Novice: 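Dropping the structure in here first, questions after.
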Amino acid sequence: MSGLEARREGTEVANIEQVRNIGISAHIDSGKTTLSERILFYTGRIHAIHEVRGKDGVGAKMDSMDLEREKGITIQSAATYCEWKEIQINLIDTPGHVDFTIEVERALRVLDGAVLVLDSVAGVQSQSITVDRQMKRYGVPRIAFVNKMDRSGANYDRVATMLFEKLNHHAVKIQLPIGGEDRFQGIVDPIGMKAFYFEGLNGETIRETGVPDDLKSAAEERRREIIEKVAEVDDLMAEKFLAEEPVGVDELRQAIRRATIALKMTPVMCGSAYKNKGVQLLLDGIALYLPNPAEVNNQALDQKNDEARIVLESDPQKPFVGLAFKLEDGRYGQLTYMRVYQGSVKKGDFIVNAMNGRKVKVPRLVRMHAAEMHDVEEAQAGDICALFGVECASGDTFTDGSVTYTMTSMHVPAAVIDLAVAPKDKAGQANFSKALNRFTKEDPTFRVKRDEESAQTIISGMGELHLDIYIERMRREYGCEVVAGKPQVAYRETIAQRGGYNYTHKKQTGGAGQYAKIGGFVEPLPHDAVEPFEFVDEVVGGAVPREFIPAVEKGFKEAIAKGPLIGFPVVGVRAVLNDGSSHPVDSSELAFKIAAVAAFKEAMHAAKPLILEPVMKVEVTAPEEFQGAIVGQLNQRRGIIQTTESRESYVVAVAEVPLNMMFGYSTDLRSATQGKGEFTMELARYAPVPKAEQEALVAEYAKKRAER
């Protein structure tokens, strides 16, 4: 029985050294899902290949949602598992679109290695940069796979150079393509000095030969280059290289593995997933160069020991620790995806949610194969599994109760767009609420709030597509038609200079009165500040009694939730309290809190308040003849062009454009480029809006308030 079958039957568990937890990430349309589909086919997990935008109407296995198949994009990360030459691979295919960046974020949080897929023509694109930043955030070792080598303009060497120039990777080309573009035939492995050709209907038959004569010298040169580049980052290889000793195949592969796992280099491989070439060699690369769970340093915080860092061991005998990284509402209730870091969990076990101390039973344990579920009896350290009937939030840590460890959570980016939504008719209200509750639980970047002034439900997210998908899912999955208002940019408010406050709150009623006096100032925080607000207590001599200082801080925090200009949150402000007075009878926590709210408004007006808007990094790709139209459109939208470059008869323009000016851009771009242009965007920074626009926004807000 193979390790995979053993796990499926729930009997024995494969050796942890034979396990790889990997994700496939890339810029949109680089071929991630096509690559995942080929991996499943060559490992025997599926028996027919279906394309992402296939004419057979089936769609790729990993795109299980109807919406994904219709739009030809991945919306939710999908997990599966397969086996390649006794190596068990847990695989997560992630979305490429920036609107679903949380799916990439949470996948990389729990994975041990990744494949960064790059387009052989476009190379490193804007979303490749974002994904790489996420991989660096979680210290994930990666292999770069240069896909679409059959395309016109494919250039393996240039993409490897871009990895160094744009992402600062120590990129090492460990292969040599045989031919290129429409003459791409196979791949030479210079490490073992072998050539591989992929034959049969779906490239499933691999023909291994010696290196063709016309490529022998190039292959030998590439091997020398690999040894030299690995020697730069691996001490053992450096000794061999300096001594000019011969380097064996296994020695070189072990050195590449050491350097890759230590995040000192990125092996660069190539192929064409769509044309069924090179995927099996990539699977070999995953087995050879990416870490097993025991080789990764996973840490938890011990809550009983002042959050001391504990290194978790991938040992099934140790106390159980697992992280719930993704939730889905399935037909049978909540499905909780979990990465087991230490110990093991069995069906029927009781586990404890470290966030709230609640003890829960595991009624059902499954392994996911896209939308299919395979029941298992046990999951051990290094496994990715899913639990049914376990209520929790995304990012919760579970233990067996004998330890009080918590895992660090994933990074959740701030929302950039708001939309007022309401059910079309009263009958849909219950399903509307159900859908919103489910989506906020599943997706930390999808937020819901109620605007008390307008009595509207406001949903917030990462972009227009993000919110459109959820509105469409409400209609399809809950039968709830939704009426949506005009998208609203998520503005912020801040200050440009220091402003003082000296406020007295005095109220005399029949009984005890209210009295609080506070003095101090607010000032802008430095640009690199981690938190959006900082409170500093500089009171000396008991001018404000100690017991009332937390109430002042509470008042300031309440005031920053809604700025005085247009009612958006205030960021980048430090509030300093350094003076005040109290009354022995009339002073109270409430009085000081009220004083702080009013004092903050007073200080904001004195500190030149500004409105900040989200500025997006926009990357537009279109045929060269439309360059003038693209640049003109971006300039009209207050865009600042950063770079324009030509890539094989296509122009790529990168600009920073205010989000407020990007609504409806996709339609305009299609019109201007005869439907051939495409763009991606992501949040670059927040910047002050122009003076005239600030005045217009303030006037509009004042008018709305007056009407109410």
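Sequential numbering from 1 along the given sequence is applied to the chain's residues. Atoms considered below: every heavy atom in the structure, side chains included; atoms not considered: hydrogens, waters and symmetry mates. Everything numeric here is computed off the predicted structure, so don't read it as measured data.
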Novice: What closest approach, in Å, do Gly123 and Ser128 show between heavy atoms, and which atom pair accounts for it?
Specialist: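 Minimum heavy-atom contact is O-OG, 4.1 Å.
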Novice: Should we say atom NZ of Lys441 is surrounded by more than 12 heavy atoms from elsewhere, each under 6.0 Å from it?
Specialist: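 Yes - once you tally the heavy atoms of other residues, nucleotides and ligands closer than 6.0 Å, there are more than 12.
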Novice: Taking atom CG of Leu111 and atom CZ of Phe325, what is their separation to the nearest 0.5 Å?
Specialist: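 Taking CG in Leu111 and CZ in Phe325, the distance rounds to 7.0 Å.
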Novice: Between Arg142 and Asp132, does a side-chain contact (heavy atoms from CB on, under 4.5 Å) hold up when you go through it step by step?
Specialist: CA-CA 9 Å; Arg142 74 220 70 158; Asp132 182 68; 2.5 Å; yes
Novice: Mind checking whether Gln175 and Ile191 have side chains closer than 4.5 Å, heavy atoms only?
Specialist: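 The answer is no, as the side chains (C-beta and beyond) never meet within the 4.5 Å cut-off.
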Novice: With salt bridge (Lys or Arg N to Asp or Glu O under 4.0 Å) as the rule and sequence neighbours excluded, what pairs involving residues 278-299 come up?
Specialist: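 For residues 278-299, and leaving out neighbouring residues, the salt bridge (Lys or Arg N to Asp or Glu O under 4.0 Å) pairs sorted by first residue read Lys85-Asp284, Arg257-Glu295.
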Novice: What are the two closest heavy atoms between Glu619 and Gln125, and how far apart are they?
Specialist: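 That would be OE2-CB, 3.6 Å.
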Novice: Compare every heavy atom of Ala144 with every heavy atom of Leu118, then report the nearest pair and how far apart it is.
Specialist: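 Distance-wise, the nearest heavy atoms are CD1-CB, 4.3 Å.
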Novice: What are the two closest heavy atoms between Ile178 and Ala195, and how far apart are they?
Specialist: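 For Ile178 and Ala195, the tightest heavy-atom pair comes out as CD1-CB, 4.1 Å.
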Novice: Angle between ring planes, Phe439 versus Tyr470, binned at 30° and 60°: parallel, tilted or perpendicular?
Specialist: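 Phe439 vs Tyr470 ring planes: tilted.
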Novice: Working note: Phe41 + Asn276, criterion side-chain contact (heavy atoms from CB on, under 4.5 Å); need CA distance, chi angles, decisive distance, verdict.
Specialist: CA-CA 10 Å; Phe41 178 74; Asn276 309 309; over 6 Å; no
Novice: Is any side-chain N of the basic residue among Asp119 and Arg151 closer than 4.0 Å to the acidic one's carboxylate O?
Specialist: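 The answer is yes: the pair qualifies as a salt bridge.
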Novice: Any donor-acceptor pair under 3.5 Å linking the side chain of Arg38 with the backbone of Ala273?
Specialist: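 Indeed, once roles are kept as given, a pair shorter than 3.5 Å links the two residues.
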Novice: Who pairs with Asn431 by side-chain contact (heavy atoms from CB on, under 4.5 Å), at least two apart in sequence or on another chain?
Specialist: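 If we apply the side-chain contact (heavy atoms from CB on, under 4.5 Å) test to Asn431, skipping adjacent residues, the hits are Lys434, Tyr478, Cys480.
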Novice: Report the C-alpha separation of Ile310 and Val403 in whole Å, then their side-chain angles, then the decisive distance to 0.1 Å, and conclude whether the side-chain contact (heavy atoms from CB on, under 4.5 Å) test is met.
Specialist: CA-CA 11 Å; Ile310 303 289; Val403 290; over 6 Å; no
Novice: A quick test of your reading: do over 12 heavy atoms of other residues, nucleotides or ligands sit less than 6.0 Å from NZ of Lys361?
Specialist: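 At most 12 heavy atoms, drawn from other residues, nucleotides or ligands, come within 6.0 Å of this atom.
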Novice: Quick check for you: to the nearest 0.5 Å, what is the distance between Arg358 atom CZ and Asn353 atom CG?
Specialist: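 The distance works out to 7.5 Å.
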Novice: Decide yes or no for Val172 and Pro267: does some side-chain heavy atom of the first lie under 4.5 Å from some side-chain heavy atom of the second?
Specialist: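 Side chain of Val172 against side chain of Pro267, heavy atoms only: no contact under 4.5 Å found.
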Novice: Going by heavy atoms in the side chains, are Ile206 and Phe198 under 4.5 Å from each other?
Specialist: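 Ile206 vs Phe198: side chains touch.
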Novice: Using side-chain heavy atoms (C-beta onward) and a distance below 4.5 Å, is Ile24 in contact with Leu91?
Specialist: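 Yes, close enough: below the 4.5 Å cut-off.
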Novice: Taking the six-membered ring of Tyr337, is NZ or CZ of Arg339 closer than 6.0 Å to its centre and within 45° of its axis?
Specialist: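 That pair does not qualify as a cation-pi contact.
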Novice: Determine whether Phe446 and Leu467 satisfy the following criterion, side-chain contact (heavy atoms from CB on, under 4.5 Å), listing intermediate values before the conclusion.
Specialist: CA-CA 8 Å; Phe446 178 78; Leu467 300 185; 4.0 Å; yes
Novice: Please check if the side chain of Ser120 supplies one atom and the backbone of Lys148 the other of a donor-acceptor pair under 3.5 Å.
Specialist: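 The answer is yes, because a donor-acceptor pair under 3.5 Å joins these two groups.
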Novice: CZ of Arg207 to CZ of Phe196: how many Å apart, nearest 0.5 Å?
Specialist: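 Answer rounded to 0.5 Å: 12.0 Å.
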Novice: Can you pull out every salt bridge (Lys or Arg N to Asp or Glu O under 4.0 Å) where at least one residue sits in residues 274-283? Sequence neighbours excluded, please.
Specialist: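 Those involving residues 274-283 are Asp150-Lys275.
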Novice: Roughly how far, to the nearest 0.5 Å, is the CG atom of Asn21 from the CG atom of Asp383?
Specialist: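 Result: 7.5 Å between the selected atoms.
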Novice: Within the side chain of Thr445, is there an N or O that forms a donor-acceptor pair under 3.5 Å with the backbone of Met462?
Specialist: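 Flag not set: sc Thr445 to bb Met462 has no pair under 3.5 Å.
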Novice: Find the distance between CD1 (Ile87) and OG1 (Thr43) and round it off to the nearest 0.5 Å.
Specialist: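 Result: 13.0 Å between the selected atoms.
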Novice: Do the side chains of Met474 and Leu436 get nearer than 4.5 Å, heavy atoms only?
Specialist: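 A side-chain contact exists here, since the closest heavy-atom pair is under 4.5 Å.
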Novice: Using every non-hydrogen atom in the two residues, find where Ala300 and Tyr405 come nearest and quote the distance to one decimal.
Specialist: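 Minimum heavy-atom contact is CB-CB, 3.9 Å.
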Novice: Without swapping roles, check the side chain of Arg45 against the backbone of Tyr42 for a donor-acceptor pair under 3.5 Å.
Specialist: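 Not confirmed, Arg45 side chain does not pair with Tyr42 backbone.
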Novice: Please name the residue in the list His374, Gln88, Arg367 that meets the side chain to side chain donor-acceptor pair (under 3.5 Å) test with Tyr81.
Specialist: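 Option passing the side chain to side chain donor-acceptor pair (under 3.5 Å) with Tyr81: His374.
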Novice: Provide the closest heavy-atom pair for Phe184 versus Ser272 in the form atom of the first, atom of the second, distance.
Specialist: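 Minimum heavy-atom separation between Phe184 and Ser272: CE2-N, 4.0 Å.
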Novice: Does a side-chain heavy-atom distance below 4.5 Å link Leu323 with Arg109?
Specialist: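 In contact.
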Novice: Could you pull out all residues at least two apart from Glu208 that satisfy salt bridge (Lys or Arg N to Asp or Glu O under 4.0 Å)?
Specialist: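 Partners of Glu208 by the salt bridge (Lys or Arg N to Asp or Glu O under 4.0 Å) criterion come out as none, since no residue qualifies.
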Novice: Looking at residues at least two apart in the chain, or sitting in another chain, which of them share a salt bridge (Lys or Arg N to Asp or Glu O under 4.0 Å) with Glu204?
Specialist: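 Salt bridge (Lys or Arg N to Asp or Glu O under 4.0 Å) list for Glu204, sorted by chain: empty.
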Novice: Is the shortest heavy-atom distance from the side chain of Met269 to the side chain of Ile174 under 4.5 Å?
Specialist: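 Of all side-chain heavy-atom pairs linking Ile174 with Met269, at least one is under 4.5 Å.
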Novice: Restricting to salt bridge (Lys or Arg N to Asp or Glu O under 4.0 Å), what partner residues turn up for Asp400, sequence neighbours left out?
Specialist: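 Scan of Asp400 (salt bridge (Lys or Arg N to Asp or Glu O under 4.0 Å), adjacent residues dropped) gives none.
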Novice: With rounding to the nearest 0.5 angstrom, report the CD1 to CD distance, Ile16 to Gln18.
Specialist: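 Result: 11.0 Å between the selected atoms.
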Novice: Can you find a pair of side-chain heavy atoms, one from Val360 and one from Leu387, that are under 4.5 Å apart?
Specialist: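 A side-chain contact is absent here, since even the closest heavy-atom pair is not under 4.5 Å.
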Novice: Report yes or no: does Gln342 contribute a side-chain atom to a donor-acceptor pair with the main-chain N or O of Glu313 at less than 3.5 Å?
Specialist: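 It does hold such a pair.
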